[in-house]
Amino acid sequence: MPDRRLPALLSPLVYLSSNWISLTGVVAVTTASVLWLFQLPLFLRGEVDNPYTGILTFLVLPGVFFGGLILIPLGIVREVRRRRRLGEPTRLFPPLDWRNPELRRLLAFIGVTTLANLIIGSQLSYRAFHYMDSVTFCGKTCHKVMAPEFTAYQGSPHSRVACVACHIGPGASWFVRSKLSGVGQVFATILNTYPRPIPTPVANLRPARETCEQCHWPQKFGADRLRILTKFADGESNTRTLTVLLMHIGGGHERRGIHGAHLDPGVTIEYAHADPGRQNIPWVRYSNSVTGRTTVYLAADATPEAVRNLPRRVMDCMDCHNRPTHAFESPEAAVDRAMAQGLIPASLPGIKKLGVELLKKEYPSREAAAAAIPQALVEHYRRQDANFYARQRDEILRAGRVLAEIHNRNVFPEMKVTWGTYPNNIGHMDFPGCFRCHDDRTAADGRKLTQDCNACHRVLAMDEPAPKILSDLGLLPANGH
Ligand code: HEC
Ligand code: HEC
Ligand code: HEC
Ligand code: HEC
Ligand code: HEC
């Protein structure tokens, strides 16, 4: 009996759903089901650790599926109303039979969409996910929005690390948190309502230790590292000086130094920040579960009442390395580096000062800057000494090109990103950095967050033309003019 009754029961459904709204719902439901079935095995086998697959599998496809499920009865209700209005039957229908055009239409619909989905699903989806995972997608799809970060990234030590490795990472739990906000970001981009500049710090970044320690595990740290910084003075002769720092990186097995002090097993450092950018830090608490010591440091101008309700955070890699890959430069440091590398010839009189001045000017657009900076350089040297200009023309043009490149990898007027927009928390020269906490503030027990110049690095030489330590080590670079 059931085999007879089933078609009878189904027949009103088939007839009534033979309208465009319900059919759209049918397409949505079948599409979502077929594509979902394609995704499932990839997920179960753990082949794709890709957060975008996650969005699709757990957010988009189910959304389409249930949306479709709602459309089908909606269409039926409308169809019933329409039939009532026209006086057509709404209950009694001929039994299902191949000769009914409605049934044929419905089955053809399901058949064609399923076939199309099978083809699309098998050909496209896997590649699409790989694409969405790629740096190209992150950096270029939202071209204008991400241009500052993408540009800085390309010149960084992480230029081969995919955006998702830091921003989302593998695993299902973080995808939900960071990607739910990611969905919002996609809409903000489409609707052109995203903030400019993109605010930092990033609220939904994965915990740094989980992310960074995939590649930089703490046991690897330890040794001191020699840093040689080259600078050029502002005068006509661009005098070169060198600063030599021995960075006490520490950590790992060494239980000392910068990493050791903040990251050793048992150490937890919490802080309260008075601004969203975490630049103003009036309260710090150090606790060590191995030694059992807890020390609270209050800034000189803060009171316990004033800091009680401020947002708090546990310190991790990102509080120092907040620009591991989107490292924007300062005009001075960028020109110094380009001159040290010989990209801008130090033989051009006063080029350091002039270059920095040209970089700091405001230009209406990046294109305008790329034209105006070399132009201004040419005019300057031609006016100063036409013979010199004629002899050094190629060098001057090259310097102009390099300066324009520096400008355009740091300044993005359409995103309101310019010099100093994004603070770099490592160091203490251009931004407060380490000195946000290390300002010699004293705890009740007399301990200090030290500002001793030799606590974090030994200053082996500071702004010297030819530091003895470097000539002793045979490391003094040639003063190549
Ligand atoms: C090595 C890890 C790493 C990689 C790789 C990486 N980022 Fe970031 N990104 C960060 C960190 C750390 C921040 C700053 C977080 C903070 O301060 O809270 C950040 C911040 C951002 C911001 C917010 C604005 C800003 O500059 O603070 C954007 C946008 C961004 N990244 C986009 C990208 C894009 C696009 C890529 C790939 C081209 C990428 N990121 C690759 C670690 C990374
Ligand atoms: C997928 C692997 C990977 C991840 C994840 C990663 N890094 Fe790196 N990191 C690298 C590689 C590769 C280098 C380059 C090593 C070199 O130059 O010797 C590097 C270099 C660095 C350097 C040294 C830069 C220099 O000037 O020498 C720092 C600092 C750093 N990473 C911090 C971080 C931080 C902080 C995070 C987390 C936000 C992170 N990295 C995440 C792979 C990674
Ligand atoms: C208190 C601030 C601070 C914290 C927290 C911190 N670092 Fe560092 N890290 C530094 C400084 C400073 C340097 C040296 C930079 C230099 O040489 O100029 C450094 C150097 C490094 C280097 C380069 C090491 C080398 O030998 O060249 C890597 C990689 C690195 N950090 C990764 C990490 C990771 C991963 C974390 C989190 C587990 C972390 N750091 C936490 C301040 C910090
Ligand atoms: C959020 C606050 C905070 C920031 C920012 C911070 N530190 Fe610290 N630092 C601390 C605390 C807390 C201690 C441990 C003090 C204690 O032992 O009671 C510490 C200790 C140290 C020590 C050991 C000092 C000693 O006397 O032995 C070094 C070295 C150090 N920090 C380097 C750095 C460097 C380099 C930076 C910047 C890259 C930095 N810190 C940024 C909070 C901070
Ligand atoms: C809390 C740790 C800490 C203390 C204290 C500290 N520094 Fe530094 N210093 C750093 C770090 C980190 C850098 C950045 C190295 C880099 O560029 O990666 C730095 C960089 C420098 C530089 C080179 C920066 C540049 O661009 O020219 C000089 C010079 C310097 N420090 C001098 C000093 C002097 C002088 C003192 C004492 C008043 C001092 N530092 C105290 C952590 C510290």
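Atoms within each ligand, like the ligands themselves, are counted from 1 in listed order.
Using a 4.5 Å cut-off on side-chain heavy atoms (C-beta onward), Phe412 and Arg366 make contact. Here the side chains of Tyr286 and Thr268 are not in contact, with every heavy-atom distance at 4.5 Å or above. Put simply, the side chain of Met247 does not reach to within 4.5 Å of the side chain of Asp224, judged on heavy atoms. In this structure, the side chains of Asn425 and Cys320 stay at 4.5 Å or more apart for every pair of heavy atoms. No side-chain heavy atom of Val296 sits less than 4.5 Å from a side-chain heavy atom of Pro304.
Residue contact annotation: His216 places an N/O/S atom under 2.8 Å from atom 8 (Fe) of ligand 2. His158 lies close to atom 8 (Fe) of ligand 2, since one of its N, O or S atoms is found at a distance under 2.8 Å. Taking 2.8 Å as the threshold, Cys434 does not count as a candidate ligand of atom 8 (Fe) of ligand 4, since none of its N, O or S atoms lies below it. Note on Cys456: not counted as a metal contact of atom 8 (Fe) of ligand 4, no N/O/S atom lying under 2.8 Å.
In this structure, atom 13 (C) of ligand 5 lies nearest to the protein heavy atom Gly427 CA, 3.5 Å. With respect to atom 24 (C) of ligand 5, the closest heavy atom belonging to the protein is Met429 CG, 3.4 Å. In this structure, atom 18 (O) of ligand 5 lies nearest to the protein heavy atom Arg227 NH1, 2.7 Å.
For ligand 4, the atoms sitting less than 4.0 Å from at least one non-hydrogen atom of Val284 are 12 (C), numbered in the order shown with element in parentheses. Of all atoms in ligand 5, listed by their number and element, those nearer than 4.0 Å to a heavy atom of Leu229 are 23 (C). For ligand 5 and Leu245, the ligand atoms under 4.0 Å from any heavy atom of the residue are 20 (C), 21 (C), 22 (C), 23 (C). Close contacts between ligand 5 and His438 involve ligand atoms 1 (C) [criterion: under 4.0 Å to a heavy atom]. Near Met247, with a cut-off below 4.0 Å to any heavy atom, the atoms of ligand 5 are 11 (C), 12 (C). Numbered from 1 in the order shown, with element, the atoms of ligand 5 that lie under 4.0 Å from a heavy atom of Met462 read 29 (C).
Close N/O approach between His321 and ligand 2 is not found [any backbone or side-chain N/O within under 3.5 Å]. Considering backbone and side-chain N/O atoms, Gln451 never comes within less than 3.5 Å of an N/O atom of ligand 5. Considering backbone and side-chain N/O of Thr450, none are found under 3.5 Å from N/O of ligand 5. At least one N/O-N/O distance between Tyr297 and ligand 4 falls below 3.5 Å. Distances between N or O atoms of His428 and those of ligand 5 include at least one value under 3.5 Å. Residue Thr295 has no N or O atom closer than 3.5 Å to an N or O atom of ligand 4.
Under 4.0 angstrom from ligand 4, the non-hydrogen atoms of Leu449 all belong to its side chain. Neither the backbone nor the side chain of Arg323 has any atom closer than 4.0 Å to an atom of ligand 2 (non-hydrogen atoms only). At a heavy-atom cutoff of 4.0 Å, ligand 2 is contacted by no atom of Arg160, backbone or side chain. Only the side chain of His262 comes within contact range of ligand 4, with a heavy atom under 4.0 Å; no backbone atom does. Residue contacts with ligand 5 for Ile258 are absent, since no atom lies close enough (heavy atoms, distance under 4.0 Å).
Within the 4.0 Å heavy-atom cutoff, Arg225 counts among the residues contacting ligand 2.
Taking the six-membered ring for Trp and the full ring otherwise, Tyr381 and Tyr389 have centroids separated by 6.0 Å or more. Taking the six-membered ring for Trp and the full ring otherwise, Phe150 and His326 have centroids separated by 6.0 Å or more.
Considering CZ of Arg441 and NZ of Lys448, their distance stands at 13.0 Å, rounded to 0.5 Å. Separation of atoms CD (Gln279) and CZ (Phe431) is listed at 8.0 Å; rounding is to 0.5 Å.
For the pair Arg312 and Trp283, the distance from NZ or CZ to the six-membered ring centre is under 6.0 Å and the angle to the ring normal is within 45 degrees.
Comparing Ala272, Ala261, Cys437 by heavy-atom distance to atom 22 (C) of ligand 4, the nearest is Ala261.
Of all N/O/S atoms in His457, NE2 sits nearest atom 8 (Fe) of ligand 5.
Relative ring orientation between His428 and His457 is described as tilted, the plane-to-plane angle lying within the 30° to 60° band.
Not a single protein heavy atom sits closer than 4.0 Å to atom 27 (O) of ligand 4.
Shortest non-hydrogen contact noted between Val267 and Ile269 is CG1-CG1, 4.0 Å.
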